[in-house]
Number of protein chains: 2
Amino acid sequence: MTTMSNRYQPETTKNRPTMRHVAALAGVGIKTVSRVMNDEPGVSEATRQRVLGASQQLNYQLDMAAGSLRRAGRQTLSIGLLLPSVSNPFSGEIHRALEDALTARGIAVFAASLDDDPEREKALVAAFLGRRVDGLVLTPIAKSQSYVIPEHSRDLPMVFIDREPVGIEADAVVTDNAVGAARAAAHLIARGHTKLAYLGDRTDIQTARERRRGFIEELGRAGIPTSVVPVREGLHDEESARKAAVELLSSEDPPTAIFSSQNLVTFGVMRALKELGVSRKVALVGFDDFTLADMMDPGITVIAQHPERIGKLAAGRLLARIDGDYSAPTTYVVPTELIERGSGELRPAR
Amino acid sequence: MTTMSNRYQPETTKNRPTMRHVAALAGVGIKTVSRVMNDEPGVSEATRQRVLGASQQLNYQLDMAAGSLRRAGRQTLSIGLLLPSVSNPFSGEIHRALEDALTARGIAVFAASLDDDPEREKALVAAFLGRRVDGLVLTPIAKSQSYVIPEHSRDLPMVFIDREPVGIEADAVVTDNAVGAARAAAHLIARGHTKLAYLGDRTDIQTARERRRGFIEELGRAGIPTSVVPVREGLHDEESARKAAVELLSSEDPPTAIFSSQNLVTFGVMRALKELGVSRKVALVGFDDFTLADMMDPGITVIAQHPERIGKLAAGRLLARIDGDYSAPTTYVVPTELIERGSGELRPAR
DNA sequence: CTGGTGCCTGACAACGATGTCATGCATCAT
DNA sequence: ATGATGCATGACATCGTTGTCAGGCACCAG
């Protein structure tokens, strides 16, 4: 019987109410509803209240996707964030700092993990782009980021974090890896060490290479022959690092100090030192801080990064680009901090 | 002169190419482009190749938001995830497990932190809803989640994690808090302890209350008068936990075993024990596992939760709901695991 | 009373895509 | 030759919203 009568009564249906439903209930045009929902001027207070009432009654909510389809500038108020892994504490800190800066502006964050997989990097970026994000914050892992050049030249805001991109000129926020590693070396040398060893991550990771470079160069500056310095690389997990450290420490001329380029490697070295009973004899400085480092015995001296600063800076750059900053791309370098806790202050046994 | 001629040449403009651009370049209708982009049948191979070529030349990418506006079911292939904090390792693990299950289906994840703020919970849920997510995974913190009833009754897939929702019947995936805490108590009692203490988080947190209940009830079952058991609550950070523990241990009749209900509390207790030099005298079992727990001296015995299982289960439920499972809401309980590392196996000093 | 000035308001097209449906063409059986 | 069949294709309406623009009404000055 009633063909049209209840067409706009979403309470009965399972469908979300739209502006038309609200407009019908309030007895106004949909454009007026749009004006009220967007706090635009030009609506009488009486009408405003009626619309607000109807919208609450129907539990109406603006569809941002539909809106941004038509709206000038087409912003979706969402950005894509690509991290090594969302379960990595370092990434988590960056994520959090970014989020804080962006939610203040009503921007939501798509987060995804790339697991050192270059293919995944491209696929996830494509997934973000398909969702029309207003910007990207990426930890690059693929050999080149030139695949995003088309988007970048269309002025899609884009900031790379932790590692600098290759094949594209874009903003980046990175840790001062080389300087941090050099500081670790200098710290150990100043404590009398001459037999230092470097234990590092896979060499295809830019930051790992930078850390090695900084460490080795500092040894060179101190006059230590760098060609004989033990360098063990390709360590990507705790166990391989532990083995490498045990091997090194059991050699005939073991190092008196170790620098580990990354958390998991540091953990592996700590295990090796404990296993061999030399935690208080062999010095250790690790790159990157970690929870409970001060509770170890001895406390672990580290070169601390500042993920929250990286996140905050990246968010700032991204927002500036979103707001129309067209200045030349820049790389921002966040300094590290050496935190003394004991393990790095051990002196070489005579 | 040429008014329309270069209207569809996005290479020259800063605008994203649309289907019309691709269609114009390939010399076909936009519906054909749509068919090709969506792998729909009914397109000759020759046409297909031509469209694919044009789309690659223009670097075209489907606009999912526009598509889902019209598409049946209106799926956006994105979900909202609300966590205590994205920088919290426990949350990170859940996030990661969820992501893995969802990206396999092409679903992207909006992640946000709520920082124990009930207002933020509502605001963030609203932000997700405005973006037309296909589902929600929420860690409830507000007193009641009845505010999402409208969405829930519109069949928006929704799974609560870590804590059960209040004021709404919906799927939930939680840790077996009471049983885990009881197991900790039983473990300590079996080692001869009769003077146990409980150090816990804020009592407005459901999981904290459950853990206390489980712990205390187990003491009761063992015949220990529960009214005199020291219970210190409202500890939300390391420092307050440390102070509480020092105070407790310095009292005239100190406990011989401590159960801490949460990581930060465990850390605080560890500090207190170390400070007072009783790490090897007072037993400790902490709820929730943490990195390097086995590297402490002694290793810290914990009731481990399984965040990855929670995430995986939650993802499974969400996908099932998205796929049209209309069965009654259920609460899934993930069991805990006691991991012996030393601190929980210490016996009371005679 | 008339014309001008604002303020509210809604009709309509458009955003970029997909669902529906009609059309054209080649192929095939009769 | 004729009608039926099936495939490939595109015109058009539509999704929920916003930009544009024109119309209506009240109010004021002359």
Side-chain angles (χ1 to χ4, degrees), chain A residues 7-8 10 13 15-51 54-55 58-77 129-134 154, chain B residues 7-8 10 13 15-51 54-55 58-77 129-134 154:
Chain A
R7 189 152 163 222
Y8 295 134
T13 80
N15 292 326
R16 271 181 99 110
T18 73
M19 274 196 181
R20 275 214 299 283
H21 300 118
V22 177
L25 182 59
V28 299
I30 71 167
K31 179 66 215 200
T32 298
V33 178
S34 170
R35 274 191 269 259
V36 173
M37 301 316 286
N38 291 286
D39 271 320
E40 282 173 34
V43 181
S44 71
E45 191 51 30
T47 311
R48 224 181 92 77
Q49 289 306 330
R50 212 144 32 92
V51 170
S55 109
L58 297 180
N59 206 262
Y60 170 76
Q61 211 169 10
L62 204 58
D63 185 328
M64 290 185 50
S68 60
L69 193 57
R70 186 69 171 87
R71 200 195 325 272
R74 323 189 76 301
Q75 301 221 335
T76 55
L77 290 183
L129 294 176
R131 289 175 176 81
R132 289 294 182 274
V133 293
D134 295 341
R154 275 186 210 118
Chain B
R7 194 160 157 215
Y8 294 133
T13 80
N15 292 325
R16 268 181 100 111
T18 72
M19 272 196 180
R20 275 212 301 283
H21 300 118
V22 178
L25 182 59
V28 300
I30 72 167
K31 179 65 216 199
T32 298
V33 178
S34 170
R35 274 190 269 257
V36 172
M37 301 316 287
N38 292 286
D39 271 321
E40 284 173 33
V43 181
S44 72
E45 190 51 30
T47 311
R48 223 181 94 77
Q49 290 305 329
R50 212 142 34 90
V51 170
S55 110
L58 296 181
N59 207 261
Y60 169 75
Q61 210 168 11
L62 206 57
D63 184 327
M64 289 185 50
S68 59
L69 193 57
R70 186 69 171 82
R71 200 195 327 271
R74 324 190 74 303
Q75 302 219 336
T76 56
L77 290 183
L129 294 175
R131 288 176 176 81
R132 290 291 182 273
V133 293
D134 295 341
R154 275 186 211 116

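Just so we're on the same page: letters track the sequence lines, and every chain starts at 1. Side chains are part of it too, since the values below use all heavy atoms of this structure and drop only hydrogens, waters and symmetry mates.
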> Hey, is the side chain of A/Thr32 poking within less than 4.0 Å of OP1 or OP2 on C/dG10, counting only N and O atoms?
Replying inline: yes

Listing time: all N or O pairs from protein to nucleotides 24-26 of chain C that are below 3.5 Å?
none

> Which angle, to the nearest 10 degrees, lies between the helix axes at the two ends of the helix from C/dC1-D/dG30 to C/dT30-D/dA1, each defined by five pairs?
Replying inline: 60°

Under 3.5 Å, sequence neighbours excluded: what are the donor-acceptor pairs made by side chains of residues 34-43 of chain A?
from    : atom 1 : to      : atom 2 : distance (Å)
A/Asn38 : ND2    : A/Ser34 : O      : 2.8

> By side chain to side chain donor-acceptor pair (under 3.5 Å), which residues pair with A/Ser55, not counting sequence neighbours?
Replying inline: none

>> A/Arg131: which residues meet the side chain to side chain contact (heavy atoms under 4.5 Å, CB included) condition with it, sequence neighbours left out?
In response: A/Phe110, A/Ala127, B/Met64, B/Leu77, B/Ser78, B/Ala108

>> Tell me every residue that passes salt bridge (Lys or Arg N to Asp or Glu O under 4.0 Å) with A/Asp63, counting only those two or more places apart in sequence or in another chain.
In response: B/Arg132

> If you pin B/Leu69 and B/Gly42 to their nearest nucleotides in DNA chain D, which one's is more 5'?
Replying inline: B/Gly42

>> Give me the atom names and distance for the closest heavy-atom approach of B/Ala65 to B/Ser68.
In response: O-OG, 3.0 Å

> So which heavy atom on B/Arg74 is nearest to which on B/Leu69, and how close?
Replying inline: NH2-O, 3.2 Å

> Does B/Thr18 reach the side chain of B/His21, with side-chain heavy atoms less than 4.5 Å apart?
Replying inline: yes

>> Just to verify, what does A/Asn59 make a side chain to side chain donor-acceptor pair (under 3.5 Å) with, not counting sequence neighbours?
In response: none

>> In whole Å, I'd like the distance from the CZ atom of B/Arg48 to the P atom of D/dT9.
In response: 12 Å

> Looking at B/Val133 and B/Thr76, what are the two nearest heavy atoms and their distance?
Replying inline: CA-OG1, 3.8 Å

>> Within the structure provided, determine whether B/Tyr60 and B/Arg16 are in side-chain contact (heavy-atom separation under 4.5 Å).
In response: no

>> Show the nearest heavy-atom pair for residues B/Ala26 and B/Arg50, with the distance to one decimal.
In response: O-NH1, 2.6 Å

> Quick one: is C/dC7 close enough that its OP1 or OP2 comes under 4.0 Å of any side-chain N or O from A/Ser44?
Replying inline: no

> What string of B, S and - do you get for nucleotides 17-23 of chain C, 5' to 3', when a contact is any protein heavy atom under 4.0 Å?
Replying inline: SBBB---

>> Rounded to whole Å, how long is the line connecting atom CG of B/Leu129 with atom C1' of D/dG16?
In response: 16 Å

